[in-house]
Amino acid sequence: MSTDTSPAVQGSRRYVSNVLWTWGGTATGIIVAFLVTPYMVRKIGYAHFGIWTLTLSLVEYYWLIDIGLRSATIKFAAEYYAAGKKDELDGLVNTGLTYSLAAAALVALASIFGAPLVGRVVRIDDPVFPQLARIIGISWALGLVFNIFNACIEGFQRFDMIGRIWMCTTALRTIAVVTVLYLGYGLIQMGLVLLGTQLLVYTLNYVCFRHLVPDAKLNLWLASWKKFKEMAGFGVHALRAIISDKLLRQTPPALISRYLPVTAVAFYMMPLRILDYAMDGVGRVGSVTTPNAAGLMATGKGDRLEDLGVYANRYSFALFLPVVLMLLVYGRDLCRLWISLEFANQSAYLIPAFLFGHAIVSSQLNSVSILFGIGRHQAYSRFLLAEAIVSFIGLIVVLPRFGLLGAAWLTNILMALNRGLVSCALLCHELDMSFWRYAARIYTRPLVLAAAGFAFLVFLKRTALPGNSWRELILATLALGIPYTAAAFAVCVSAEHQQLAIRKARQTLARFGA
């Protein structure tokens, strides 16, 4: 059998294709956020931008009612689809759908009647807050129902469909948000735009699911208690991780609004949002890795998991490092030009703390994804919960005394230790690998490139490109990005994947030439 048609090569091609589609969707989100956020801040002000950010953060807690069934759906859908178990897949979908309908009803009621109480707890007396929370909460309630179909599409490893949906709806949402702001409207209308575009996303997910599994039976009578227990048995540990993740993400803005003025939420969350968009690109690789790992285990190819972890983590780390280098050297200049000098003075000093934690986590997200894919995530979920508890208590102590900088360093040191060091050790234990060998294969090459890139950027800033204008920032980005990309491709990418990339590039050029 030729290497071009071997299962390993076909699997690599599918994996790379899925990653590229997820990056396409992520890139769309990053570009849109970069272009629209300054306009949004200018139109609604720091206070209302803080309320918008806080509302989205608080409503994220609604996903806890999912009890980990989405993670279970991705894992089992990947297994059933790969093994051709249609009846099992029908039972999985209808069981998840039955529970999600009941959960969505509770979320909708909580949004309608509980929004004023939440406003009093976080000390926001602006009347727009409860109205916005109700609109976004209803959107999340509908998402609980249709999320089953999105999870199945992920399990089927059809990220090309998810990527297309994400790119198109993100562009549409952006146009609509800019339009309502241009016409003089505010937060409520932005919430309605979010609701409308999310409804479109949910509808398209359902259509894609039907396209992939046209003979799927959607009948709630096919739901079973046995299947629910099986899903919940996997999901209970995922739920612990989900709860912990929500606490880690949403606790800082909630506590900041309690101990500091609401404008501080915007100053804290803005640089974090920049990094979160960049991290989302890495996380999307992890969303591809989870069903891929589940498929490898289901088909008896578990011996390939170590290479999957090494390459996925190394590539993710290498891709994230240019963001780290640019923000570390030019972060304050970017904030000043992007938003305002006041914003840069109030927010840019937090960037080094955020970079520390996020850089380390970017290198181990795929280790966590493999743990979930092979169903060995129990210990990780316990460590994540411990991190969330320590972070919550620490923020209560740190925020009144050391402000935003203390909060940033506390949360990022904890995430680096736990989601970096501990997750790496857990995967090595589960796969019986050497920790030092696994870590060396991931970190050595990207860190050598990063050291050279950092020295080069510092030289540029002190000489030719101090970062006083957009032109200088763009030139600095190109000066780093072009040689770094070429060097990373040559040094960090495996020979097999280099050949795949070159072959794909030639095919693409040939198509355009034709």
Side-chain angles (χ1 to χ4, degrees), residues 15 19 71 75 237-238 240-242 244-245 248-249 275 278-294 296-297 302-321 323-324 353-388 390-391 410-451 488 491-494:
Y15 184 86
V19 169
S71 297
K75 172 180 168 53
H237 301 291
R240 188 188 296 124
I242 293 169
S244 305
D245 181 69
L248 290 165
R249 286 177 177 271
L275 282 172
M279 284 290 289
D280 193 36
V282 180
R284 296 286 176 175
V285 180
S287 67
V288 178
T289 301
T290 297
N292 193 269
L296 289 175
M297 290 295 288
D303 57 311
R304 290 165 55 185
L305 289 174
E306 179 179 352
D307 282 344
L308 175 64
V310 168
Y311 294 138
N313 282 322
R314 185 199 296 165
Y315 300 166
S316 297
F317 189 46
L319 284 165
F320 191 72
L321 281 176
V323 178
V324 173
F354 289 136
L355 289 175
F356 170 73
H358 284 71
I360 295 176
V361 172
S362 72
S363 66
Q364 291 299 326
L365 276 175
N366 289 280
S367 296
V368 175
S369 298
I370 293 174
L371 288 171
F372 274 85
I374 63 177
R376 297 288 190 274
H377 55 293
Q378 296 88 341
Y380 171 76
S381 67
R382 296 187 186 101
F383 276 104
L384 198 63
L385 180 60
E387 180 191 344
V390 173
S391 178
L410 171 70
T411 54
N412 280 267
I413 288 173
L414 289 175
M415 70 188 289
L417 291 174
N418 186 40
R419 284 173 271 172
L421 179 64
V422 172
S423 61
C424 179
L426 289 174
L427 182 65
C428 290
H429 173 74
E430 293 294 342
L431 299 184
D432 195 24
M433 302 184 300
S434 165
F435 174 87
W436 298 110
R437 178 176 178 272
Y438 181 68
R441 292 181 68 192
I442 293 170
Y443 291 110
T444 303
R445 300 180 187 185
L447 285 177
V448 171
L449 289 179
V491 174
C492 298
V493 179
S494 70

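This is a predicted model, so every value here is computed, not measured.
Closest heavy-atom contact between Leu426 and Ala379: CD2-CB, 3.9 Å. Taking each heavy atom of Ala416 and Gly357 in turn, the nearest pair found is CB-CA, 4.2 Å. Here the closest non-hydrogen pair linking Ile442 and Gly309 is CD1-O, 4.5 Å. Taking both residues in full, the closest heavy atoms of Val368 and Ser423 are given as CG2-CB, 3.7 Å, listed atom of the first, atom of the second, then distance.
In this structure, the side chain to side chain contact (heavy atoms under 4.5 Å, CB included) partners of Asn418, at least two apart in sequence or on a different chain, are Phe383, Leu384, Glu387, Val422. Residues passing the ring-ring contact (aromatic ring centres under 6.0 Å, His included) test with Phe354 are Tyr268, sequence neighbours excluded.
Residues Gln364 and Leu427 have side chains not in contact (no heavy-atom distance under 4.5 Å, counting atoms from C-beta outward). Within the 4.5 Å cutoff, the side chain of Cys428 has no heavy atoms near those of the Trp436 side chain. Two residues are said to be in side-chain contact when any heavy atoms from C-beta on lie closer than 4.5 Å; Arg419 and Tyr380 meet this criterion. Residues Cys492 and Leu449 are in side-chain contact: their nearest non-hydrogen atoms beyond the backbone lie under 4.5 Å apart. Side chains of Phe435 and Leu421 form a contact here, defined as non-hydrogen atoms less than 4.5 Å apart.
Interatomic distance, Ile360 CD1 to Phe317 CZ, rounded to the nearest 0.5 Å: 8.0 Å. Between the CG atom in Leu365 and the OG atom in Ser316 there is a gap of 7.0 Å [rounded to 0.5 Å]. Atom-to-atom distance recorded for Leu355:CG and Asn412:CG is 8.5 Å, nearest 0.5 angstrom. The CG atom of Leu308 lies 9.5 Å from the OG atom of Ser367; values are rounded to the nearest 0.5 Å. Leu414 CG to Leu248 CG: the interatomic distance, rounded to the nearest 0.5 Å, is 8.5 Å.
Using modelled atom types and a 3.5 Å distance limit, the side chains of Asn313 and Tyr438 yield a donor-acceptor pair.
Arg314 places a side-chain N or O within donor-acceptor distance of the main-chain N or O of Arg441, the cut-off being under 3.5 Å.
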